[in-house]
Amino acid sequence: MKYSYLLLSFILASPIKDNSEKYILSQFEEKVTISLRTLTLNKAIKTQVQNQAKQAFYKDKLYYWEISKNDTTMAYAFLDNVKGKSMPITFIVIMNINGTIKNSSIIKYREAYGGEIKNKRWLKQFIGKKNDSTYEIGQEIDSITGATISVNSISKGIRKIAILYELVKDNLD
């Protein structure tokens, strides 16, 4: 848990923010505007999402970006952390306004093993999924030999964001 406070402290002045924004911009062919915001998770929503996703949030706040073109919101990108074997894995999920996953990426991987989850081909299988997808390893999501913990953590983390988005989408700025 001590890592989450460290990550929170440095996010706004770190390569994590820069890499996240570069990734977001790279996912749109047209020129878009992105605005960084903070989402405070109220206790009821946090508990509901954690129970459904079977994974805890690292903290009570998430950073997200509103992605727009000509003052029209096109998507949102959420930055979150999940626990790997011993260190946090920082990832981003871009959600279309209709609640489907547009794309996802691993922003910072800190473990010695399991880095195969950064592979774009593996992450591509989340595209189009929504909050009601199962994200089951071996069924909807491919496993990766030697990356069991990372695969489970990221799959649950991406599902957690999809579930959260469905609950908060009408209240995002």
Side-chain angles (χ1 to χ4, degrees), residues 1-29 32-41 46 49-50 53 55-68 73-96 99-129 131 135 137 141-142 144 146-165 168 172:
M1 199 60 151
K2 65 182 177 182
Y3 296 114
S4 65
Y5 298 112
L6 185 64
L7 288 171
L8 181 61
S9 301
F10 293 110
I11 186 74
L12 292 177
S14 75
I16 291 175
K17 177 184 176 273
D18 295 339
N19 291 341
S20 297
E21 292 182 349
K22 285 178 191 171
Y23 174 75
I24 294 166
L25 293 171
S26 75
Q27 298 306 300
F28 295 87
E29 293 179 13
V32 295
T33 303
I34 58 174
S35 303
L36 178 62
R37 303 181 193 280
T38 304
L39 175 64
T40 301
L41 303 170
K46 184 177 177 183
V49 172
Q50 290 178 150
Q55 185 183 68
F57 283 100
Y58 254 71
K59 51 193 177 284
D60 294 332
K61 293 183 181 182
L62 284 181
Y63 290 105
Y64 75 97
W65 288 262
E66 180 179 1
I67 304 159
S68 57
T73 302
M74 302 173 59
Y76 293 94
F78 293 85
L79 186 69
D80 197 10
N81 293 289
V82 294
K83 189 171 183 338
K85 185 173 182 177
S86 61
M87 299 290 291
I89 303 168
T90 305
F91 69 100
I92 194 163
V93 179
I94 301 176
M95 301 293 301
N96 291 311
T100 61
I101 295 172
K102 177 176 177 45
N103 224 327
S104 60
S105 183
I106 306 303
I107 299 299
K108 182 78 173 177
Y109 191 79
R110 298 168 180 88
E111 300 283 356
Y113 300 101
E116 296 87 351
I117 62 165
K118 297 185 292 185
N119 184 299
K120 290 178 186 178
R121 264 190 22 218
W122 186 79
L123 288 166
K124 190 176 184 178
Q125 63 191 322
F126 294 99
I127 296 172
K129 295 206 179 312
N131 66 311
Y135 296 80
I137 308 302
I141 305 300
D142 294 335
I144 300 173
T148 306
I149 294 170
S150 299
V151 165
N152 285 322
S153 290
I154 287 297
S155 297
K156 286 180 181 181
I158 292 174
R159 180 171 187 243
K160 184 173 63 182
I161 296 300
I163 293 166
L164 174 69
Y165 179 75
V168 301
L172 297 174

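When reading the values below, keep in mind they use all heavy atoms of this one structure, side chains included, and skip hydrogens, waters and symmetry mates. Each residue takes its place number in the sequence, starting with 1. The structure presented is a predicted model; accordingly, all values stated were derived computationally and were not measured.
- Using a 3.5 Å distance cut-off with no hydrogens or angles, the side chains of Tyr109 and Ser150 do pair a donor with an acceptor.
- Side-chain contact check for Asn103 versus Ile127: some heavy-atom pair is nearer than 4.5 Å.
- Proximity of Leu39 to Leu172: side-chain heavy atoms (C-beta onward) are separated by under 4.5 Å at one or more points.
- Lys61 approaches Lys59 most closely through the heavy-atom pair O-CG, 3.1 Å.
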For this session: Could you walk me through whether Ile106 and Ile117 pass the side chain to side chain contact (heavy atoms under 4.5 Å, CB included) test, one step at a time?
Result: CA-CA 8 Å; Ile106 306 303; Ile117 62 165; 4.0 Å; yes

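- Among residues two or more places apart in sequence or in another chain, the ring-ring contact (aromatic ring centres under 6.0 Å, His included) test is passed with Phe126 by Trp122.
- For the pair Ser20/Trp65, a side-chain contact is recorded, criterion being any heavy-atom separation below 4.5 Å from C-beta on.
- Between Phe57 and Gln50, the shortest heavy-atom distance links the atoms N-OE1, 2.7 Å.
- Using a 4.5 Å cut-off on side-chain heavy atoms (C-beta onward), Ile144 and Asn119 make no contact.
- At least one side-chain heavy atom of Thr38 sits less than 4.5 Å from a side-chain heavy atom of Tyr63.
- The main-chain N or O of Lys85 is found under 3.5 Å from a side-chain atom of Glu111 such that the two form a donor-acceptor pair.
- Residue pairs that meet the salt bridge (Lys or Arg N to Asp or Glu O under 4.0 Å) test with at least one member in residues 115-126, sequence neighbours left out, do not exist here.
- A donor-acceptor contact closer than 3.5 angstrom links the side chains of Arg110 and Thr90.
- In this structure, the side chain of Lys160 engages the main chain of Ala56 through a donor-acceptor pair within 3.5 Å.
- Side-chain atoms of Gln27 and Ile92, non-hydrogen and from C-beta on, never get closer than 4.5 Å to each other.
- Between Tyr76 and Tyr64, the two ring planes are tilted [angle within 30° to 60°].
- When the shell of 6.0 Å around NZ of Lys46 is examined, it contains more than 12 heavy atoms from other residues, nucleotides or ligands.
- Evaluation of the side chain to side chain donor-acceptor pair (under 3.5 Å) rule for Gln125 yields no partner, not counting sequence neighbours.
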